[in-house]
Every structure is written in structure tokens, then in C-alpha cells.
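Just below is one structure, and these are the notes that go with it.
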Protein chains: 2
Amino acid sequence: MSRRSYVSVARAEAATEKKERVIQAAARFLREAESITAFSLDAVAKAADVTRLTVYNQFGSRRGLLEAVFDDIARRGRLIRLNEAMAEADPRKGLDLLITIFCEFWGSDPAVARLHDAMTIDPEFAQALLERNERRRHSIDELVARIAGEQASAAARRDVADLVFALTSCAMFRMLAETRPVAAVCAIITDAARAAIARIEPENSDGLVANSAP
Amino acid sequence: MSRRSYVSVARAEAATEKKERVIQAAARFLREAESITAFSLDAVAKAADVTRLTVYNQFGSRRGLLEAVFDDIARRGRLIRLNEAMAEADPRKGLDLLITIFCEFWGSDPAVARLHDAMTIDPEFAQALLERNERRRHSIDELVARIAGEQASAAARRDVADLVFALTSCAMFRMLAETRPVAAVCAIITDAARAAIARIEPENSDGLVANSAP
DNA sequence: TTTTCACTAAACACGCTGTATATCTAATTG
DNA sequence: CAATTAGATATACAGCGTGTTTAGTGAAAA
């Protein structure tokens, strides 16, 4: 009841060290597991030489741990370069760079794919990852807006932005990356995205690319 | 031990009728569930007014039931039109039709999305669905081969075929279908696929679409 | 010396899959 | 008609997972 103040440096450091150990163990587990089902807190805790309850104390839940792992991977994923892409004078070059950045990110750690899988079994975790994709979403919207000519309708711009968003998604990357290196996937997606934006560019608005209307 | 012969028509009919009822209940459940996690044999059995054990007797396992549901949806999905698409004299028109067919199929039943989700938690079920996608794979390969000009390298053809395969996937459809009707999704994917195959068409092989090389 | 924090240990409730055993029922067969 | 049979049922169990509770431990900080 006396609530004496207590600020421990040593214990806090030990705690964050242990927390980091759990995150790394979880990432390793995700990398090696063939299915997200195999990812259990019991196994992770054992691998990190920690009690399962400690994981709960540190991360709150299974979802909390997964989010922490994703954020850890994202931190190393050189996503900061997005600023570079947005600062590019030519928005076409900016889009090219954005595509490269995300291809390299999706391919940077096999655990990313498993985390992506976790979205399908946990709606709240899916929401969390969706929010972390908002920056990609906005960046693409902005680049498309900067590229688009006057004649391009709002609907056309939205269609192009959505297509580019889908092309630069983790799901798309995984489908193409099964049989080829990251650079090759990046080239394919870049070509597809360029073809898409060609339709709303001011220069060649007159059907350089075939229109779907019969 | 006497093994007297016993061929019951009425009982067999009642069994298949019950089996159908279970499949429909499972499909309804998948449609309404917000996550594949909510799909439990217990709930399905209860909804179908059947014991959980009956489900096991009929389908062997959870996976077996899911496969049965998918096959049931596929049967109604007018995928037979694929023959029509492949019989088309102009392979470009064939590809357009293929895209339409699959867009309509992916959009035909919300349960399809949930079944797609089930792939991520059950590797063996994923394998089963992958095999069911082989026909799409081969059809696209053939159409691309028929469209491709002499000058197109094998690698370029493979890249285009893989891209079209990814564009016509369930995952791609779902990403684009969140905010627009099926027909609009179909138009976007058709445009993207046309732009992709333009690169290997015999007529305009000289960079009508920008190349990714700097 | 006492308080405080992070961690541990051991259990619990709950839900899921998959399997085993015994029983019931109604159609079929001799 | 009476024995047989396939299918369904009722009930229980083992195993594994999440998430919570309760009590206890060890060491840094006050």
C-alpha cells in the first residue's frame, strides 16, 4: 500500500534483453515452420528458454508477439527508403523505387510470408498488418496522382492505384517469387506497373495500351 | 461372418442426401464466417443436424469436407467454359474469356475466399487446391505459347505466363474486389494481362510498352 | 530491511481435431 | 418372419492449443 517508487535499470535491461530473445526465437520459428499452425507460444517460449507466461506478460497475446516480430523485421527492412522514393522529382522513378523497396522487403525474410499467413486466421492481426500497409497505400496514391494527366478520371486513377497496390502486395510477390530471384520478380512487377500507369499518363492517353472495352 | 450380400438403394440415397446437406451447411458456414478459424466440424454438424462423427464417416476429415465444398462450388462455377476459351481461334480472345471465367468464379461464392484462406493453415489442403489450379496454369501456358512471337525468349514467355497466372489468381481477385463489382475487376485484370502479353506478341516487339531495363 | 518487479511453477477452463467403443434403427436378405 | 447389414448415434477419451489464475522465488532498489 505504501507505493514506494522503484525504477530498476538492471531489471529493465534484463527484461528487454529477454524480450528481444523471444522475438528472435519467434522469427526463427516462423522462418523454419512450414505452416503458421506450427507456430505455438509453447514452442517459442521453450526455444527462447522462457516460460510461456513470460511471453504473455511481455506481449499480451499471441497476436502481440506476431506484431512485435513483424515490426522487428520491418525495422531492419530498409523501408525508410520510402522517403527517398517520395522525394524523387520524377514520380515514375519514385514508383520504380517503391516497387524495388517492397520487393526487397517481402523477400528479405521468409518469416514475412508466415506472418502474412497469420492474417487469414486472426482478423485482428490482419487489421494490424493492414494498418502497417497504409503507408504503401498512401504513397502509391500520391505517386499516381502526380503522374496522372488532367484527362484521367478519378475512377481511372483509383483503378490504377488499386492495381499497383495489388501488384506490390506481399501476396503478389510470393506468387512470382516461387521460381525466381527477387530481382526478376521486381522486374516483372515494375513492367506491369508501368504498363498500368501508362494509361493515365498525360502524354499518351490515346490507347497506346489496348482498352478493355470491346 | 456370413457376409450376406446387402445393396440398399434407399439407405444409399439417404446417405448422399445427408452428405449434400452437410456440404451445403459447410458452405453456408464458410460464407457467413468472418474467419476460417470459426469453421469447426462441430458447428457444421450441428447446423446440418448431424453428428460430428457422421461428418468424419462421410468425408474422412476436416480437409475432406473442405475439398468437397470446393468441388461442389467449382461444379456450379461454369468452369466448363474453359473449353470454349481454349477452342477460340484467336488466343487473345481466348485469354480474355479465361480471365472473365475466373473472375466470375472467384466472385461467385464468398465461401471461395474462406477456402482460399484454409490453404494457409493446412498444407495438404493447399496442395489439393493447387492441383485444382493446374488446369488454369496449363491453359494460360498454352494461350501464351500460341500468342508469343518467334522472337520472344522462353524466359520472357514464362514471365508473362506467371504474371497472368498471378493476375487471374483468387488472391488478386480478392484484393481488387473489395471496393468494386466483379465486372470492374475483370476489366482491370484484362487490361493488365493484355499489357503483359503485348510484350511477347510478334507484331509490336520493339518496346511499345516500356522495358524495365534502365 | 522491506518493498517492488520480473519471472517461474503449476494448475485450470475452454475449444478444437481425431479416434475408439458400444448401441440403435431401419432397410434388405434368406 | 427373423437374421443380417450399413449407416447413424451417444459417449468418452487423448492430445494440443490459447488464455487466465494463484502462489511463490530471487534480486535489485529504496
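Below, chain A is the first sequence line, B the second, and so on; all start at residue 1.
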Just the rounded figure in Å: distance from [atom2] of [N] to [atom1] of [X].
| X | N | atom1 | atom2 | answer |
| --- | --- | --- | --- | --- |
| D42(A) | dT8(C) | CG | P | 13 Å |
| K46(B) | dA10(D) | NZ | P | 12 Å |
| F59(A) | dA6(C) | CZ | C1' | 14 Å |
| D122(B) | dT17(C) | CG | C1' | 12 Å |
| K18(B) | dA6(D) | NZ | P | 17 Å |

Honestly, is R137(A) close enough over F165(A), meaning NZ or CZ under 6.0 Å from the six-membered ring centre and within 45° of the axis?
yes
Output one letter per nucleotide in nucleotides 24-30 of chain D: B when a protein non-hydrogen atom lies under 4.0 Å from the base, S when only the sugar-phosphate is that close, - when neither is.
--BSBBB
When you check the phosphate oxygens OP1 and OP2 of dG7(D), does a side-chain N or O of Q58(B) lie under 4.0 Å from one of them?
no
Looking at [X] and [Y], does any basic side-chain N land under 4.0 Å from a carboxylate oxygen?
| X | Y | result |
| --- | --- | --- |
| R194(A) | D96(A) | yes |
| R28(B) | E32(B) | no |
| D141(B) | R157(B) | no |
| R62(A) | D122(A) | no |
| R76(A) | D72(A) | yes |

Under 4.0 Å, heavy atom to any atom of DNA chain C: which of residues 48-56 of chain B qualify?
R52(B), L53(B), Y56(B)
Does anything in residues 21-41 of chain A come within less than 4.0 Å of DNA chain C? Heavy atoms only, and list the residues if so.
none
Atom pairs and distances, donor-acceptor, side-chain atoms in residues 102-118 of chain B, under 3.5 Å, two or more places apart:
residue : atom : partner : partner atom : Å
E104(B) : OE1  : R81(B)  : NH1          : 3.4
E104(B) : OE1  : R81(B)  : NH2          : 2.8
W106(B) : NE1  : T168(B) : O            : 2.8
S108(B) : OG   : F105(B) : O            : 2.7
D109(B) : OD1  : R31(B)  : NE           : 2.8
D109(B) : OD1  : A111(B) : N            : 2.8
D109(B) : OD2  : R31(B)  : NE           : 3.3
D109(B) : OD2  : R31(B)  : NH2          : 3.3
R114(B) : NE   : D117(B) : OD2          : 3.3
R114(B) : NH1  : A33(B)  : O            : 3.0
H116(B) : ND1  : R174(B) : NH1          : 3.4
D117(B) : OD1  : R174(B) : NH1          : 3.0
D117(B) : OD1  : R174(B) : NH2          : 3.4

Atom CD of E34(B): over 12 foreign heavy atoms under 6.0 Å
no
Write out all pairs satisfying salt bridge (Lys or Arg N to Asp or Glu O under 4.0 Å) with one or both partners inside residues 46-61 of chain B, taking only residues at least two apart or from two chains.
D42(B)-R52(B)
What stems involve DNA chain D, if each pair must be Watson-Crick or G-U and both of its distances must be under 3.5 Å, with 3 or more such pairs in a row?
C:1-30 with D:1-30
